[in-house]
Amino acid sequence: MKVYETSVYILDVSYEVHGSEPQIIIWGIDESGRRVVLKDKRFRPYFYAVLDPTVYNRADEIAQLIKQLSRPRSPILSVELLERKYFGKPIKVFKVVTLIPEYVREYREEVRKIPGIAEVLEADIRFALRYMIDHDILPNTWHTFKVVEKGPNQDYRVDTVLEIVDVGSRIEEKISPPKLRIMAFDIEVYNPRGAPKPNRDPVIIIAVKTSEGVLKQFLAEDKNDRKLFKEFIDFVLEYDPDIIVGYNSNRFDWPYLIDRAKYLGIKLDITRRRGVEPKPSVYGHISIPGRLNVDLYDFAEEIPEVKVKSLDEVAEYLGVMKKSERVNIPWYEIFRYWDDPKLRPLLLQYSRDDVEATYGIAEKFLPFGIQLASITGLPMDQVVAASVGFRLEWYLIRAAYKHGELVPNRVEREYEPYRGAIVLEPKRGVHENIAVLDFSSMYPSIMMKYNIGPDTLVRDPNECLNTKCYEAPDVGYLFRSDPPGFFKSVLETLVRARKAVREQMKSLPLDSPEYRLLEARQLALKVLANAAYGYMGWVGARWYCRECAEAVTAWGRETMRRAIEIARSLGLKVIYGDTDSLFVTYDKTKIEEFIKRVENELGLEIKVDKIYRRVFFTEAKKRYIGLTEDGHIDVVGFEAVRGDWAEIAKELQEKVADIVLKTMDHRKAVEFVRKALEELRRSVERGTASIEKFVIWKTLTKPITAYEVEAPHVVAAKHLIKMGYSVDVGDKVGYVIVKGGGKISERARPYIAVDVRDIDLDYYIEHQIIPAVLRILEYFGVSDKHLKGVGKARKTLFEYHK
DNA sequence: GCAGCCCTATTACCT
DNA sequence: ACAGGTAATAGGGCTGCG
């Protein structure tokens, strides 16, 4: 039995129970590029039982009571009395260790009932993650282990199995991953009757692309997809990817493949654990043991600029593939392209484009996913699927372990609203030379400055007679100034780490892999720090603290008020402000003075974020249009940046904004709109207009039956369902309004079922285009009459301006 | 029966 | 399924008319 040390790049961690022995399974790649499984048979599941302080003297007795719960299948192996901290306070707990992970839940319930046990903690930390946390093992990083080589094992599709005899430590300086095998895939399904059904409709194409540049397609034989499945499975096993990426694959491709395979009686045997197939797992992702299955749609959700997040739109936005340079087939017509021999080559090209685009998106996003995993400690397939709150929470759980802090349970709480930020009333009109100043990371900075957190919140004011406390304005909550609380420490760590990363980046060429890696890392660190405030105000958070979140916004409001005072005292005119930003007249020397005074008097950093040559406000908050020095138009809040307005209305509004701000001649804008309306009417009547310009996209936020009103998008969704398509919660429904009488909702139709000549152009003019362009032009005295009609209206316009 | 008013439901934005 | 603040549309109930 030869023990040696090896370093392994961690991909994923899971566990198995063999007989009565739990085994930690680590999937990784060793320094020579071998795919390996590391087994650790020594780790045991446990949880903590918090002792009530009144029974500290009877600890032995209570420990005995716990031990007596022991059952043969999974005995209680030990009950150890330990000192830990809970919300910063030292307490005594029992660490209750058992054998089989599944038994933790049962013992937790029984232990909770024992008199003298105040609370049971950390019983819901999954076993594999527990192991990683306790051994400080982070996914997508290199670690050393002392192992014994066990050689290949037919249960695991890896080069060798290594048994861990000692866990070493992370290799901090080795930041680059080994050469990873990445496979993008995309499936096309036969759909002659709308939404495809696995027990009826075959998978007709599976396209794959690998990081070696191989692109392959597996085709059904007409409607028979058995061979396709076999070839796909063989390919995956042969290529043996470490990472599998798809687009919307957790919600569509994998569930479909799984159900279809089941229907066909085929084992979808593609994982690295022989006999185990892909299956649904935490945070809605599909788990593929030994491989990281990443759904790129999860990243797309974080791109607010892209409103309709289809693969082609996202690929276009990221510069991966132009929509104009790829085959576009409406998804509801795929079956037709498959059936028609003349069209089929187009479908094949479409499928190739899809998988190329998918692979391209993966190249952009995987570095960020890798960094998120290596910071939060959650394996990449999980962390990518998890929401921001859970990502931060896993980071906090790791931090808590290092601090000797216990992790609070997630408890059901009633939602309590609280006051947020200040939004100033904008000064209407066009302003010249305006500087936009932003506080840098206002909320995280406030949290650090005032040591805000659940463990530093003072519930008894008398405590502040002896120790220094900070009192939040407006709300009066008190926070101990010392020692640094949990959140403060965590935020300082994140901020310090980010600074160091950015420092490292300076010495690297912008196009080097290391630079890109560090860029992704600093972004991940920033995202986590910025989530801390929202996290504290989230009722689902383990470290929920409404008072803390409330104090943060209160200090934020006070900071804004005082900054405004300082600006005014310097003679800077404040045009607008929202939460942590101020729009003031751009006077270079005064602004420099302002920045200095804010830093001195408020202790927070504020910076010039933007300078507008012109900026236009209506009376509405959160909406403005700015013209930057380089001639760029920023549209903020208006219809032009909203996904739920017809493209035609957005385009015209954007153009109006551009004309007005650049030329300051609103009559030109009026002329432009009038011409555009005329042309539009012609093109709609001729049927040459594109229906896409009239589509209104709205998200279905709940099941159809849960709606109280018959909103247009709900009606359109019902039409889709009647047509055989499936519409799920979270889907975007694209509808148009057709001619006819009655309510708008009664005339809402899925756009795929409408000829452009049937759309109700008057609805679009009256309810979309005119409101959108008047939002800007109204300020200049323009009314709908100036925009509509012919001849006479033109006269009226000139009369108005004479 | 319906115009006009007001309130509510709904969505997506901003920071 | 990280927060609150905000704008805007369409539905739908109600009033009052005649």
Side-chain angles (χ1 to χ4, degrees), chain A residues 282-284 298 301-302 304-305 307-308 385-393 395-396 410 415-426 436 438-439 441-444 447 527-546 548-554 556-557 560 576-583 609 618-624 634-646 649 696-702 706-715 729-730 732-733 735 737 742-748 763 766-768 771-772 774-775:
Chain A
V282 287
Y283 309 125
D298 293 325
E301 282 190 324
E302 289 168 39
E305 293 90 337
K307 312 294 174 183
V308 180
S387 62
V388 177
F390 289 111
R391 290 174 185 174
L392 176 63
E393 193 157 80
Y395 181 77
L396 294 174
R410 197 183 306 288
Y415 165 75
E416 281 182 86
Y418 63 91
R419 267 177 80 192
I422 291 183
V423 187
L424 302 184
E425 208 73 55
V436 183
D438 276 345
F439 281 96
S441 315
M442 184 194 243
Y443 286 178
M447 287 175 71
V527 165
L528 289 172
N530 286 344
Y533 150 73
Y535 175 84
M536 290 194 309
W538 171 38
V539 284
R542 290 175 186 266
W543 279 275
Y544 173 68
C545 177
R546 197 208 73 243
C548 303
E550 215 175 338
V552 173
T553 59
R557 290 191 300 273
M560 275 286 268
Y576 176 66
D578 183 350
T579 311
D580 62 351
S581 71
L582 279 176
F583 291 55
D609 177 53
T618 67
E619 64 290 334
K621 295 173 174 179
K622 300 200 182 271
R623 297 187 150 207
Y624 56 87
D634 278 343
V635 180
V636 180
F638 282 106
E639 287 75 7
V641 295
R642 292 182 62 98
D644 57 349
W645 281 71
I696 297 163
W697 293 94
K698 274 203 163 76
T699 309
L700 214 65
T701 60
K702 46 188 168 185
Y707 280 91
E708 293 179 41
V709 289
E710 292 276 283
H713 73 295
V714 178
V715 175
V729 175
K732 273 211 161 49
V733 180
Y735 67 90
I737 304 301
K743 280 184 291 209
I744 292 163
S745 60
E746 286 162 9
R747 298 186 281 121
Y763 165 80
E766 297 292 335
H767 289 81
Q768 293 271 320
L774 277 189
R775 206 83 65 205

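Order of the sequence lines fixes the chain letters, A, B, ..., with proteins taken first and strands second; residue numbering starts at 1 for each chain.
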Check your understanding: With a 4.5 Å heavy-atom cut-off, do A:Met560 and A:Leu582 have their side chains touching?
Key -> yes

Using the 3.5 Å cut-off, write out each protein N or O paired with an N or O of nucleotides 8-12 of chain B and the distance between them.
from   : atom 1 : to       : atom 2 : distance (Å)
B:dT10 : OP1    : A:Lys702 : NZ     : 3.2
B:dT10 : OP1    : A:Glu708 : N      : 3.0
B:dT10 : OP2    : A:Lys702 : NZ     : 2.7
B:dT11 : OP1    : A:Thr699 : O      : 3.2
B:dT11 : OP1    : A:Thr701 : OG1    : 3.4
B:dT11 : OP1    : A:Tyr707 : OH     : 2.5
B:dT11 : OP1    : A:His713 : NE2    : 2.7
B:dT11 : OP2    : A:Thr701 : OG1    : 2.3
B:dT11 : O2     : A:Arg642 : NH2    : 3.4
B:dA12 : OP1    : A:Thr699 : N      : 3.0
B:dA12 : OP1    : A:Thr699 : OG1    : 2.7
B:dA12 : OP2    : A:Thr699 : OG1    : 3.2
B:dA12 : O4'    : A:Arg642 : NH2    : 2.8
B:dA12 : N3     : A:Arg642 : NH1    : 3.4

List for me each residue that meets side-chain contact (heavy atoms from CB on, under 4.5 Å) alongside [X], sequence neighbours excluded, and say none if there are none.
| X | answer |
| --- | --- |
| A:Val709 | none |
| A:Val308 | A:Trp697, A:Lys732 |
| A:Glu619 | A:Arg428 |

Review point. A:Arg775 CZ to B:dC13 P: how many Å, rounded?
Key: 15 Å

Remember a base hit wins even if backbone is also touched, and classify [X] as base, sugar-phosphate or nothing at under 4.0 Å, heavy atoms.
| X | result |
| --- | --- |
| A:Gly540 | nothing |
| A:Trp543 | nothing |
| A:Tyr544 | nothing |

Practice item. Under 4.0 Å from any heavy atom of chain A: name the first and the last nucleotide of DNA chain C that qualifies, 5' to 3'. Key: C:dA1 to C:dG12

**Study point:** Over all atoms of both residues, closest heavy-atom pair of A:Tyr443 and A:Thr579
**Key:** OH-CG2, 3.6 Å

**Study point:** Test side-chain hydrogen bond (donor to acceptor under 3.5 Å, both in side chains) applied to A:Glu301 - qualifying residues, sequence neighbours left out
**Key:** none

